[in-house]
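Everything quoted here is computed from the prediction, not taken from an experiment. We name chains A, B, ... by the order of the sequence lines, and we start the count at 1 in each one.
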2 protein chains.
Amino acid sequence: MPEQPPGSRPTLEAVAARAGVSRATASRVVNGGDGVRKPLVDKVLQAVDELGYIPNHAARTLVTRRTGAVAVVIAEPEIRIFSDPFFSQQIRGISKELTAHDTQLVLLLVEGPGDFDRIARYLSGGHVDGALAFSLHTDDPLPAITRRAGIPTVYGGRPSWTADPGDQAVPYVDADNRGGARAAVRYLKDLGRERIAHIGGPPDQTSAMDRLDGYRDVLLDVDPTLVAEGAFTVESGARAMAELLERRPDLDAVFAANDLMASGALRVLRERGVAVPEQVAIVGFDDMDSVAETTDPPLTTVNQDIEGQGRLMARLLLRGLDRDRTGSGPAPDSVITPTTLVRRASA
Amino acid sequence: MPEQPPGSRPTLEAVAARAGVSRATASRVVNGGDGVRKPLVDKVLQAVDELGYIPNHAARTLVTRRTGAVAVVIAEPEIRIFSDPFFSQQIRGISKELTAHDTQLVLLLVEGPGDFDRIARYLSGGHVDGALAFSLHTDDPLPAITRRAGIPTVYGGRPSWTADPGDQAVPYVDADNRGGARAAVRYLKDLGRERIAHIGGPPDQTSAMDRLDGYRDVLLDVDPTLVAEGAFTVESGARAMAELLERRPDLDAVFAANDLMASGALRVLRERGVAVPEQVAIVGFDDMDSVAETTDPPLTTVNQDIEGQGRLMARLLLRGLDRDRTGSGPAPDSVITPTTLVRRASA
DNA sequence: GACAGTCCTGAGAGCGCTTCCAGCGGGGGG
DNA sequence: CCCCCCGCTGGAAGCGCTCTCAGGACTGTC
């Protein structure tokens with residue numbers, strides 16, 4: 001690749017001149033070469049190579065009205081995002097899929113509730129063709145924003161309003177939270193545990209609710225004293241565990257709605273001298289490698305393919321964009337990915 | 001904001017028409033309004049508001065040759081990126097700073113060694129004005145790529161070649177690894193520990209080397225049997241600890257080059273029934289909240305302001321871009337950020 | 001009251017690309 | 001042998017914006 005004096009990259013015009021064709025033909029070749037005779041294609045390609053031609057993205061976007069970029073909006077105001085490998089993994093999956101389709105990833109971190117204006121402006125600004133978003137709370141302004149901006153969007157995690165029968169159908173990708181929770185609790189039950197407690201996540205997150213539902217599915221009529229609410233953080237898990245122990249010193253198992261809370265619970269149990277899993281068995285959720293494998297004892301938990309979810313989100317979105325462009329193809333539908341129980345030492 | 005039928009956003013032309021001015025004047029107002037009389041400014045702004053006008057980014061880029069976007073290149077092939085909150089925090093800082101300057105963040109994850117071609121093509125494609133990059137190994141092709149593409153770049157972490165007297169000076173932001181390590185080891189020494197071991201990071205990372213140097217600064221002539229090499233992961237820390245215990249059962253302190261390795265070491269010590277900090281004191285590095293506070297016992301470690309480093313990187317880059325544009329201002333210089341020892345229970 | 005100087009404004013060129021449309025040449029059917 | 005049609009190519013328009021440049025309105029000065 002020839003070195004370029006900054007700000008003077010060769011244009012299509014130059015390529016065309018060198019190849020002895022018109023700019024139109026050069027353009028056609030650069031974009032796939034359909035309907036151009038072989039010898040001309042070769043001449044143009046050679047010129048491209050010799051000149052080190054790279055298409056000007058802005059010019060192309062200007063006329064095609066497609067940016068080849070997708071926004072990833074992360075609207076998690078909590079500190080949690082820092083310590084949660086969850087996002088990194090999803091993003092890795094997203095990145096892989098987008099890259100494979102020559103699409104760029106623009107990261108939009110929402111810096112607090114007042115920041116949605118900026119996000120709205122950006123999304124409406126034609127900078128991106130579509131968006132991927134996470135962690136929708138009930139009153140999240142994002143869906144309205146993307147709808148108004150006409151930006152196709154795929155969500156990570158089931159949006160809370162989708163339980164409603166409304167027509168607000170949006171495509172999303174989510175793990176089988178309910179099924180995973182069922183498997184976890186059933187496993188504890190099969191172990192012979194009789195007083196299985198639950199440390200739930202924040203009730204405004206559907207993943208937390210779905211996991212709670214799965215817990216209820218197995219235990220049918222649940223004693224409310226066996227259920228405590230956490231916030232998906234280590235600290236909240238510890239607090240919830242302490243609370244549960246106070247209320248129900250006789251509990252013999254805990255299903256925590258995520259690994260971080262399970263690790264907090266584990267700490268409290270250890271501090272109180274409660275043997276895990278002998279006296280209290282504990283199961284987490286997520287199978288975050290940095291957590292589940294490093295707790296003491298290692299955590300039995302529910303695995304979900306987080307990177308795969310990211311890939312899937314991107315794939316769904318790209319498919320939708322393609323559909324918009326070609327005007328045909330199946331409408332993108334939501335996907336629920338499977339979960340599996342991973343047995344380690346904590347239960 | 002009026003709802004837009006997709007694909008028919010108002011143009012500057014429309015704004016100008018509605019305001020009864022020329023496109024040129026409308027443009028001036030949209031870009032700050034310098035040299036336009038107040039009444040006209042108001043008329044244009046009102047038209048902008050009524051029409052919900054948002055400038056077309058591609059068109060603007062096409063003529064200004066500036067994209068208003070910056071690439072963040074993460075070339076960490078290791079699995080480490082998944083479980084390491086380090087990046088999330090840096091990115092958060094970068095995002096904050098870029099956002100404050102109306103600049104977008106394009107995330108480029110390098111998907112393996114063969115992927116650099118794609119990165120090079122992208123960086124040369126005029127999609128971004130500058131780049132931020134991390135974790136440079138000695139033979140990293142990135143600096144050459146950005147140089148050839150004429151893309152100003154700021155690095156996170158001291159690049160390995162900067163020890164050389166070469167003219168390859170690049171601006172970077174790094175923590176005071178050596179100073180932090182010195183403080184940690186000196187602290188252990190002041191505690192009365194006499195056989196202080198070190199679990200180092202991979203020797204091709206300057207942060208690992210600098211921390212080792214800091215360790216050596218305090219201990220002057222170090223017994224090589226007290227130094228083991230890890231890979232900045234929990235597992236490698238555990239392995240290194242086992243190795244050290246075998247070689248030097250008499251050691252009474254460990255300085256690990258990061259928190260993850262410290263946590264691995266902690267696990268091994270616990271398994272062997274070694275009391276921490278009574279028999280062996282241990283100090284980590286990074287003060288990663290998800291790790292240092294949740295180990296048992298909580299980790300004494302060296303804190304660095306990771307988010308601040310991210311901010312700083314972005315600021316340095318933006319300043320450089322501004323300088324390129326205006327042709328004046330001080331050349332961006334590297335910055336070393338301070339570190340502080342955080343006392344918890346492990347030492 | 002005329003003229004120079006200042007301050008604003010608008011016309012227009014052009015950024016690099018895609019794409020419509022017209023035109024050209026050649027092959028096959030009448 | 002002529003005409004039509006098809007496949008390919010080039011000319012040219014135009015995407016939405018910025019910015020130069022020229023000219024108009026106005027002020028101040030002599």
Here's a test for you: under side chain to side chain contact (heavy atoms under 4.5 Å, CB included), which of Leu105(B), Val106(B), Leu321(B) qualifies with Val70(B)?
Leu321(B)
Please identify each residue that fulfils side chain to side chain contact (heavy atoms under 4.5 Å, CB included) with [X], with sequence neighbours left out.
{"X": "Thr337(A)", "result": "Val173(A), Ala175(A), Gln309(A), Leu312(A), Val335(A)"}
{"X": "Gln46(B)", "result": "Glu50(B)"}
{"X": "Arg118(B)", "result": "Thr99(A), Glu111(B), Asp115(B), Arg121(B)"}
{"X": "Arg28(B)", "result": "Ala24(B), Thr25(B), Val36(B)"}

May I have the distance from [X] (atom [atom1]) to [N] (atom [atom2]), rounded to whole angstrom?
{"X": "Arg9(A)", "N": "dC17(C)", "atom1": "CZ", "atom2": "P", "result": "8 Å"}
{"X": "His57(B)", "N": "dC15(D)", "atom1": "NE2", "atom2": "C1'", "result": "16 Å"}
{"X": "Asp34(B)", "N": "dC7(C)", "atom1": "CG", "atom2": "P", "result": "13 Å"}
{"X": "Arg65(A)", "N": "dC17(C)", "atom1": "CZ", "atom2": "C1'", "result": "13 Å"}
{"X": "Glu13(A)", "N": "dG10(D)", "atom1": "CD", "atom2": "C1'", "result": "12 Å"}

Is Arg23(B) salt-bridged to Glu13(B), cutoff N-O under 4.0 Å?
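Counted as a salt bridge, because a side-chain N and a carboxylate O are separated by less than 4.0 Å.
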To 10°, what angle do the rotation axes through the five end pairs on each side of the helix from dG1(C)-dC30(D) to dG30(C)-dC1(D) form?
50°
Could you work out, with salt bridge (charged side-chain N to carboxylate O under 4.0 Å, His left out) as the rule, every residue matching [X], not counting sequence neighbours?
{"X": "Arg315(B)", "value": "Glu97(B)"}
{"X": "Arg60(A)", "value": "none"}
{"X": "Asp42(A)", "value": "Lys38(A)"}

Tabulate atom names and distances for all N/O pairs under 3.5 angstrom spanning the protein and nucleotides 18-24 of chain C.
from	atom 1	to	atom 2	distance (Å)
dT18(C)	OP1	Asn31(A)	OD1	3.3
dT18(C)	OP1	Asn31(A)	ND2	2.9
dT18(C)	OP1	Arg60(A)	NE	2.8
dT18(C)	OP1	Arg60(A)	NH2	3.3
dT18(C)	OP2	Ser27(A)	OG	2.7
dT18(C)	OP2	Asn31(A)	ND2	3.4
dT18(C)	O4	Arg23(A)	NH2	3.4

With sequence neighbours excluded, what pairs up with Thr67(B) under the side chain to side chain donor-acceptor pair (under 3.5 Å) test?
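Asp129(B).
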For a quick test of reading the model: is some side-chain N or O of Thr11(B) closer than 4.0 Å to OP1 or OP2 of dG16(D)?
no
Give, ordered by number, those residues of residues 35-46 of chain B having at least one heavy-atom distance below 4.0 Å to an atom of DNA chain D; if nothing qualifies, reply none.
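Correct list: empty, so none.
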Under 3.5 Å: donor-acceptor pair, side chain of Ser124(B), backbone of Ala120(B):
yes
